[in-house]
Amino acid sequence: MKIRQKYLLYTLAVTSSFIAAFVTSIDSIISAHFIQDPYEFTLSLFLVGAIVTLVLSLVLSIPFKKKSLGNRFIDPSFVKLRLIQSSEFKYHILAGLFNAVNTIGYCILISLILEPSLILSFSQIVIIYLLLIESISEKNIPTLVEVQSSVIVTFGAILASISLKGDINIDALLIVFLIINPTWAFFSIYQRKLKLLKIKDRHNDAINIRFWNVFFSLVFTTIILLIFDFFTGTHYVVGGIVASVHSFSWVAFGMGMTFFAYVLYIRSLGLGKASVNNAIRSTTIVFAIPFSFMLASFFNIPLFSTDPVMLIIKIIGITLIILGIITFALTLVKAYIFITIRPGFSLKKTMGEIWDIHGVSRVTATTGPYDFIVKIHTRTVVKGYERIIRKIESIEAVKDYKWASVLKEWEKI
Amino acid sequence: MINAYILIMMQPGKTDKAIKEMKKIDKVAKISIIAGEYDIVVRAQVDSLEELLDVTDKIQLVDGVSKTTTQVIEKEITL
């Protein structure tokens with residue numbers, strides 16, 4: 001099945017956020033009724049998660065009509081579960097460390113606030129962190145549209161996350177701003193770097209990335225809690241193992257769903273910048289509301305207030321989030337540039353010069369009438385001209401070029 | 001794995017039907033409608049040059065395709 005590329009990104013990210021909202025509800029139930037201690041809860045998430053992820057990854061490695069199940073139904077880059085490659089190691093270490101710290105923060109937050117739509121709203125502010133980091137780490141300075149959309153999404157998230165009982169939990173806010181959002185931002189960036197790596201001439205696949213991420217997150221969580229236990233005399237590691245055994249089925253169910261949420265999220269990270277992905281994922285707040293009602297009905301978890309004024313504020317917040325996302329979606333301009341170069345110039349050197357231009361997302365050296373086919377991603381055509389065409393014209397080796405704007409695009413899913 | 005761009009010129013008014021046909025071809029990874037000298041860019045992912053010939057052959061048989069130019073990718077840098 002082939003689907004338009006921008007829809008593929010949104011389909012993956014929105015499906016992932018729907019599952020994430022569901023998982024947050026399951027986590028709320030576990031935190032309220034089964035594992036009250038956030039540190040033990042974190043360890044049990046990764047301990048049980050590692051087993052569940054291993055089983056799911058092995059099942060998805062089973063061949064089916066010449067391809068594996070995972071390749072056919074989840075990620076076309078997936079072949080089978082494999083050992084980690086040296087080129088991935090550094091990114092897995094960093095992603096695992098940030099995910100471990102992020103999950104500890106998340107479990108503390110969920111133990112302070114049980115209501116999923118509030119927890120998820122707080123974490124949407126991560127987009128600001130991502131824009132800042134991307135402007136430094138990737139050769140892509142955020143445009144005015146990106147900044148505007150991010151601010152709209154952020155304000156929307158703040159409005160949607162206002163405690164409808166009127167109280168503000170300072171501890172929760174500090175955990176969100178100092179632990180959850182920064183670690184999630186870095187975690188997203190390293191996951192994206194992993195997805196964009198090529199392993200044996202194929203794009204890295206989301207299933208192996210997720211499996212190894214859970215493995216490294218388990219290692220780092222255990223190390224952090226062991227250090228904690230050693231200095232404070234607590235028994236979080238033992239408690240976490242015991243809690244994993246006692247609440248295995250609930251945690252395994254949650255982590256099984258989390259596996260699919262992450263695999264879809266990692267795939268969508270391969271299609272668009274982390275900030276754009278997180279903007280789309282903010283729809284999770286909308287999905288969290290029906291789950292909040294379900295929790296209140298079936299599991300005795302307090303629901304947000306239904307005061308009309310507060311509800312209007314929440315609706316305004318959600319509307320702003322959706323508007324911000326639509327702005328992101330409608331302002332991406334893509335183009336191909338077909339380039340021929342003069343004889344006597346190095347192809348490799350010219351390729352490097354083209355790659356250094358802001359907005360260039362792919363450079364391919366090809367056989368045939370054109371020496372290079374370059375893919376451009378930019379927010380406006382004007383910026384494309386100012387930033388890209390002028391730079392290409394200034395490369396001495398370039399003899400001729402042809403710009404072709406992409407009107408519609410489909411990609412195999 | 002061999003990757004290639006197939007640049008396609010179309011007869012006017014036949015693009016939509018042709019896209020539907022091209023979506024059915026197995027080794028086609030990406031299809032872009034573009035504005036410029038060419039009308040469609042197809043990215044093919046194949047295991048051998050013979051398979052690439054199969055893909056180009058199938059594309060040339062699609063109604064409305066007037067010319068194809070195949071650019072085999074030698075090296076690629078991507079985000």
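Letters A, B, ... mirror the listed sequences (proteins, then strands); counts begin at 1.
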Could you tell me which residues in residues 32-43 of chain B have at least one non-hydrogen atom under 4.5 Å from a non-hydrogen atom of chain A, sorted by residue number?
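Checking residues 32-43 of chain B against chain A gives Ser32(B), Ile33(B), Ile34(B), Ala35(B), Glu37(B), Tyr38(B), Val41(B), Arg43(B).
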Could you grab the distance from atom [atom1] of [X] to atom [atom2] of [Y], nearest 0.5 Å is fine?
{"X": "Lys408(A)", "Y": "Ile31(B)", "atom1": "NZ", "atom2": "CD1", "answer": "12.0 Å"}
{"X": "Lys75(B)", "Y": "Phe372(A)", "atom1": "NZ", "atom2": "CZ", "answer": "10.5 Å"}
{"X": "Ile77(B)", "Y": "Asp356(A)", "atom1": "CD1", "atom2": "CG", "answer": "8.5 Å"}

Measure the shortest side-chain to side-chain distance between Leu7(B) and Tyr336(A) over non-hydrogen atoms and say whether it is less than 4.5 angstrom.
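SC-SC contact between Leu7(B) and Tyr336(A) ruled out.
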Kindly indicate whether the side chain of Thr69(B), heavy atoms from C-beta on, has any atom under 4.5 Å from the side chain of Tyr370(A).
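In short, these two side chains do not touch, never coming nearer than 4.5 Å.
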Any ring pair (Phe, Tyr, Trp, His ring centres under 6.0 Å) pairs touching residues 7-30 of chain B, not counting sequence neighbours?
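Applying ring pair (Phe, Tyr, Trp, His ring centres under 6.0 Å) to every pair that reaches into residues 7-30 of chain B, excluding sequence neighbours, yields nothing.
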Give a yes or no on whether Glu50(B) atom CD has more than 12 heavy-atom contacts from other residues, nucleotides or ligands under 6.0 Å away.
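Count not over threshold, so no.
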More than 12 non-hydrogen atoms from neighbouring residues, nucleotides or ligands closer than 6.0 Å to CG on Asp16(B), yes or no?
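No - once you tally the heavy atoms of other residues, nucleotides and ligands closer than 6.0 Å, there are 12 at most.
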Which pairs, with at least one residue in residues 346-355 of chain A and sequence neighbours excluded, count as a salt bridge (Lys or Arg N to Asp or Glu O under 4.0 Å)?
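Qualifying pairs: Lys349(A)-Glu353(A).
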Set of residues satisfying side chain to side chain contact (heavy atoms under 4.5 Å, CB included) with respect to Ser405(A), sequence neighbours excluded
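In terms of side chain to side chain contact (heavy atoms under 4.5 Å, CB included), with neighbours along the sequence ignored, Ser405(A) is linked to Trp403(A).
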Can you tell me if Gln71(B) uses its side chain to pair, donor with acceptor, with the backbone of Thr367(A) under 3.5 Å?
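Yes, because the side chain of Gln71(B) sits within donor-acceptor range (under 3.5 Å) of the backbone of Thr367(A).
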Against chain B, work out which of Leu347(A), Leu197(A), Thr366(A) has the most heavy-atom pairs shorter than 4.5 Å and name it.
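The answer is Thr366(A).
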